[in-house]
Structures are given as structure tokens and as C-alpha cells.
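I have placed the structure first, in the form of C-alpha cells, so that the comments after it can refer back to it.
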Amino acid sequence: MLTHLLQKLNHKPPTTVLLRRKTTSAEYVASRNRDPTFEKLMDKYKNLFKVIAIQDLILGTTTNAAAPPAVSLDFLNRLSQRLHLNRGATHFLRKYPHIFNIFHHPIKLQPYCTLTETALKITQQEATAINATLPLVVTRLVRLLSMSVTKSLPLRAIFKVFRELGLPDDFEESAILKKSDLFALVDSDNEPNTHLLKLVGDIPKGELVAVVDNWRVVECCKEDCGVDRNEILFSFKHSYPPGMKLKRNFKAKVKEWQQLRYVGPYEAVEIGKKRKNKIGMMEMEKRAVGIVHEFLSLTVEKMVEVEKISHFRKWFGIDLNVRDLFLDHPGIFYLSTKGYRHTVFLREAYERGCLIEPNPVYEAKRKLLDLVILGRRGLSRGQSEPTGVSQGEDGFTEEVKTDSDED
């Protein structure tokens with residue numbers, strides 16, 4: 001009996017092994033801290049993207065000089081799924097009478113859509129602003145190519161972000177071919193039928209200064225600068241979403257990361273060199289943050305779709321998941337998932353949903369956004385043409401949600 005009791009006491013119960021489930025990428029995105037200001041802005045932008053897609057189709061049609069460009073509703077309805085117009089093109093177009101005008105074609109005897117006079121003026125204003133900044137366009141291309149490890153980029157990747165960079169539609173002729181002393185189009189050795197844009201001109205090292213370096217100089221020169229100048233030498237500006245709880249451990253990691261040395265976006269790096277130790281990985285990550293920070297600074301609206309920037313990852317020597325990079329640094333970037341896309345913003349460039357330092361191209365796009373927000377308001381009962389509507393102090397007319405606002 002005693003022996004039996006001793007065996008029971010000495011018997012150890014089987015240990016339960018708790019396996020920690022790895023967080024998926026989708027869960028990581030869903031768990032991020034939301035910023036109401038950027039979320040509200042993207043609520044407006046998701047319909048703007050659809051408007052711009054239809055606007056491009058209209059402007060891309062060839063008509064006689066007397067008639068404005070127009071496309072048939074039948075054609076747009078066939079593209080509804082691709083344009084994410086869940087309730088059809090006709091329903092979407094009627095929501096924005098300040099932008100689109102539906103009429104019955106007198107010759108083809110079917111409904112067509114064209115742009116209103118107001119919308120046409122905005123597109124002309126944007127085109128004029130882009131053409132007026134051609135020297136700036138050349139500078140942006142030089143900076144973009146200078147960040148590449150090989151000083152070259154696929155032309156198709158640049159085409160994907162030409163609007164974000166404020167490039168003209170004919171930038172191949174107006175910016176690249178006219179600057180043969182700086183740029184050259186060459187065939188890719190690794191990818192057939194692929195053209196590369198290569199930087200062939202010598203750019204003095206001192207001419208390419210990253211935006212974040214200029215910010216550090218300004219911060220150091222402030223009379224009330226309470227930060228140690230040695231600490232700010234490799235720092236980035238941080239501002240977090242409202243309500244985000246910054247734990248002591250998180251603050252300590254950010255402080256350590258801020259003081260970490262790294263290779264700047266315009267500094268040369270060795271191709272294929274990888275460092276497996278912790279400090280080496282952190283330096284690679286910080287270099288990637290510096291490159292993406294500079295890339296966003298070159299864009300007109302300081303924002304870009306994540307899928308588009310991923311096309312440059314290999315050429316910039318970024319050996320990291322770009323989307324996770326944005327999520328890991330919520331004080332520098334903000335990632336939004338609205339409108340069938342993931343869009344990243346440069347936090348420091350915005351204040352209360354607007355660019356702190358606007359430019360003419362951005363201002364033209366903002367006018368089109370105002371018309372999107374306006375919707376059907378400003379029309380009298382039974383009236384088909386829009387009338388003037390006053391705007392609020394922030395430059396927007398407050399949007400009134402209705403059941404038909406979502407497509």
C-alpha cells in the first residue's frame with residue numbers, strides 16, 4: 001500500500017506544450033492602430049480613384065476637335081467589375097453630376113458620358129502645373145535612379161508611379177529623351193522585352209541630400225532645440241496615431257533605433273552583402289526606412305500604393321517585406337487599407353488631413369476631390385447642371401453619408 005502511494009506521488013503528469021501561433025500578415029494589418037484623420041481622408045480618396053480611372057478613359061478617346069471626348073455608357077458598364085463599380089457605371093456617374101455629364105449621342109443613338117466644363121478645367125489646370133514643373137520632374141527622376149543600387153530602374157515600374165511623381169504623360173520624350181546627358185534607355189540583360197532607365201550623368205555627391213537630413217539640420221538650428229544634437233544625427237521625425245499607447249519597452253526600442261547609424265538613400269552599398277547579426281539587420285531595416293521615406297517625399301501627395309512601391313524593392317536593395325516595414329514604424333508611416341488597396345502616407349507631411357506644404361499639382365487634384373465630396377449637392381430639384389456651393393474652412397464640404405454612397 002505504501003509503495004503504491006509513493007509511486008503516485010512520484011508520478012509526474014504529462015506537460016502541456018503551448019504552441020504560440022504566428023501572427024499572419026492580414027492579422028498584423030488588422031491589429032494596427034487606426035488614425036481617424038487618415039481613415040477619413042481615404043474614405044474620400046477611394047471614390048476619387050474610381051473617378052480618375054473613368055476620367056482617363058474619357059480623355060483617352062479620340063474624337064473630332066469640335067466635340068469633347070466621351071465614352072459610351074455601355075462600354076463603362078462592361079468595365080464595372082474591373083473599376084470596382086458594384087452597382088454599375090451608370091449609378092456611379094449619376095452620383096457625381098459636377099464631374100460627369102450623361103447625354104444621348106445624336107448620331108450613335110445611345111447614352112454617352114463626358115466631363116463637365118468644371119472637371120475639364122481641373123484636368124487642364126493639373127496638366128499646366130505638371131508642364132510648368134519639368135525641371136523638378138527631371139530632379140525627381142535623378143533622385144529616384146540615384147537610390148537604385150545599379151543606378152537604373154525598369155521603365156514599367158516608373159510608369160506605375162508616374163502620376164504620383166507628377167510626371168507628364170509624355171515624360172519619355174519631354175524629360176528622358178531631351179536629357180540624354182542624364183538618362184539613357186537600355187535593354188535589360190536579365191529580362192527580355194524590358195527597358196531600363198539608366199542614370200548616365202555624373203551627379204555631384206553634395207547635390208543629393210535626403211529630405212530627412214534637411215529636417216535634422218533645421219531641428220538642430222532651432223534656438224529652443226531641447227534634443228542632444230548627437231542624438232538627432234540619425235533620427236527620423238515621429239508622430240503617432242491618437243490614442244496609441246506607447247509602452248516603456250516600445251519607447252526604449254525606438255530610442256535605440258533612432259540613434260542607430262545607417263547607410264543613407266543616396267550612399268553606395270555593396271550588392272548582395274547581408275549581415276546576419278542583430279545590429280546588421282537593424283541597419284538594413286533603417287536603410288530601407290530611409291529609402292521609402294525619401295521615395296514618399298518625392299511624390300506629389302506624399303502617399304503611394306504599397307503594391308506600386310513593391311516594384312522598386314529589389315532595385316533599391318530592400319530585402320524586407322515593405323508592408324511590414326510600414327507597420328513596424330507607425331510613427332513615420334501610416335498604412336490604410338480602404339478602397340481595394342493598401343496605401344501608405346508619410347505622416348510628417350500631413351496635418352489635419354491636408355499637405356503641410358502643398359504644390360500646384362496637389363492643389364488641382366484637391367479640387368477634383370472637392371467635387372467628389374460634393375456629390376449631388378448644389379443641384380436644385382429637377383436641375384441637371386451643378387451650381388456653386390460654398391466650402392468649409394478646411395477646404396472641404398462635409399460629406400453626408402447616404403445608403404448609395406458605397407459602390
Checking T116 side chain against N101 main chain: does a donor-acceptor pair fall under 3.5 Å? no

Report, as yes or no, whether the 6.0 Å neighbourhood of atom CG on D202 holds more than 12 heavy atoms from other residues, nucleotides or ligands. no

With a 6.0 Å cut-off on the ring centroids, do Y45 and F345 count as close? no

Go through it in stages, so that I can follow the logic: the residues are E283 and V263, the test is side chain to side chain contact (heavy atoms under 4.5 Å, CB included), and I'd like the CA-CA distance, side-chain angles, deciding distance and then a yes or no. CA-CA 8 Å; E283 287 177 350; V263 179; over 6 Å; no

Check whether D170 reaches the backbone of E173 with its side chain - one donor and one acceptor, N or O, closer than 3.5 Å. no

If you count heavy atoms of other groups shown closer than 6.0 angstrom to NZ of K179, is the number above 12? no

Is atom NZ of K198 surrounded by more than 12 heavy atoms (other residues, nucleotides or ligands) closer than 6.0 Å? yes

Residue pair L134 / P168: nearest heavy atoms and the distance that separates them: CD2-CG, 3.9 Å

Nearest 0.5 angstrom please: I332 CD1 to H238 NE2, how far? 4.0 Å

For E294, which of L346, V211, L208 qualifies under side chain to side chain contact (heavy atoms under 4.5 Å, CB included)? V211

Residues R341, E305: salt bridge by 4.0 Å N-O rule: yes

Are side-chain heavy atoms of K46 and D43 found at a separation under 4.5 Å? yes

Does a side-chain heavy-atom distance below 4.5 Å link I279 with L260? yes

Between E164 and the options K365, R140, K308, the salt bridge (charged side-chain N to carboxylate O under 4.0 Å, His left out) test singles out K308

Under the side chain to side chain contact (heavy atoms under 4.5 Å, CB included) rule, what do F326 and V292 come out as? Steps first, then yes or no, please. CA-CA 9 Å; F326 301 140; V292 178; 3.2 Å; yes

What one should report as the nearest heavy-atom pair of P330 and P241 is O-CD, 4.0 Å

Determine whether a donor-acceptor pair (N or O, by modelled atom type, separation under 3.5 Å) exists between the side chain of S148 and the backbone of L144. no

Rounded to the nearest 0.5 Å, what's the gap from CG on D370 to NZ on K44? Could you check? 10.0 Å

4.5 Å side-chain heavy-atom contact, P154 and S188: no

CZ/F92 to SG/C113 distance, rounded to the nearest 0.5 angstrom? 10.5 Å

Does V300 offer a backbone N or O that forms a donor-acceptor pair with the side chain of N359 under 3.5 Å? yes

Say whether, by atom type as modelled, one donor and one acceptor occur between the side chain of K286 and the main chain of W257 under 3.5 angstrom. yes

So, the side chain of R32 versus the backbone of V29: is there a donor-acceptor pair under 3.5 Å, distance only? yes

Looking only at heavy atoms, the pair that brings Q259 and F234 closest together is O-CD1, 4.0 Å

Does M303 reach the side chain of F38, with side-chain heavy atoms less than 4.5 Å apart? no

Check whether any side-chain N or O of H98 sits under 3.5 Å from a backbone N or O of R377 as a donor-acceptor pair, and report yes or no. yes

Intermediate values then yes/no, side-chain hydrogen bond (donor to acceptor under 3.5 Å, both in side chains), Y240 and R347: CA-CA 8 Å; Y240 296 97; R347 292 189 60 87; over 6 Å; no

L115 CG to F100 CZ distance, which is reported to the nearest 0.5 Å: 6.5 Å

Using the side-chain hydrogen bond (donor to acceptor under 3.5 Å, both in side chains) rule, take E39 and Y334 through it: C-alpha gap first, then chi angles, then the decisive distance, then the call. CA-CA 10 Å; E39 291 298 310; Y334 184 74; 2.6 Å; yes

Does S235 offer a backbone N or O that forms a donor-acceptor pair with the side chain of R216 under 3.5 Å? yes

Under the 3.5 angstrom rule, does the side chain of R94 hit a backbone N or O of H91 as a donor-acceptor pair? no

I'd like to check L120 versus L59 (side-chain heavy atoms, cut-off strictly below 4.5 Å). Are they in contact? yes

T150 and S152: side-chain hydrogen bond (donor to acceptor under 3.5 Å, both in side chains), yes or no, with the steps? CA-CA 5 Å; T150 60; S152 59; 2.8 Å; yes

Answer whether the closest heavy-atom distance between the side chains of L182 and L141 falls below 4.5 Å. no

d(M284 CE, I318 CD1) to nearest 0.5 Å is 10.0 Å

Return yes when atom CD of E307 has more than 12 non-hydrogen atoms of other residues, nucleotides or ligands closer than 6.0 Å, and no otherwise. yes

In plain terms, say whether D74 and R78 are close enough for a salt bridge, that is, a side-chain N and a carboxylate O under 4.0 Å apart. yes

Note: C354 and R366 closest approach over all heavy atoms is SG-NH2, 3.2 Å

E363 vs K367, test: salt bridge (charged side-chain N to carboxylate O under 4.0 Å, His left out). Steps then yes/no. CA-CA 6 Å; E363 288 172 346; K367 287 182 179 179; over 6 Å; no

Any heavy-atom pair between the side chains of R376 and P97 that's under 4.5 Å? yes

Mind checking whether F171 and F159 have ring centres under 6.0 Å apart? yes

Evaluate the side chain to side chain contact (heavy atoms under 4.5 Å, CB included) criterion for residues R323 and S310: first the C-alpha distance (whole Å), next the side-chain angles of each, then the deciding distance (0.1 Å), finally the verdict. CA-CA 9 Å; R323 184 173 59 181; S310 296; over 6 Å; no

Could you tell me whether the side chain of K302 and the main chain of Y350 form a donor-acceptor pair under 3.5 Å? no

Counting neighbours of CD on E351 that are heavy atoms of other residues, nucleotides or ligands and sit closer than 6.0 Å, is the number greater than 12? no

Closest non-hydrogen contact found for P69 with T114 is O-OG1, 2.8 Å

Nearest 0.5 Å, please: how far is CZ in R143 from CG in L136? 9.5 Å

Test Y96 against L371 for side chain to side chain contact (heavy atoms under 4.5 Å, CB included), laying out the working first. CA-CA 8 Å; Y96 304 108; L371 296 183; over 6 Å; no

Hey, are the side chains of L167 and I130 touching, using non-hydrogen atoms and a 4.5 Å cut-off? no

Can you see which heavy atom on A89 is nearest to which on S80, and at what distance? N-OG, 3.3 Å

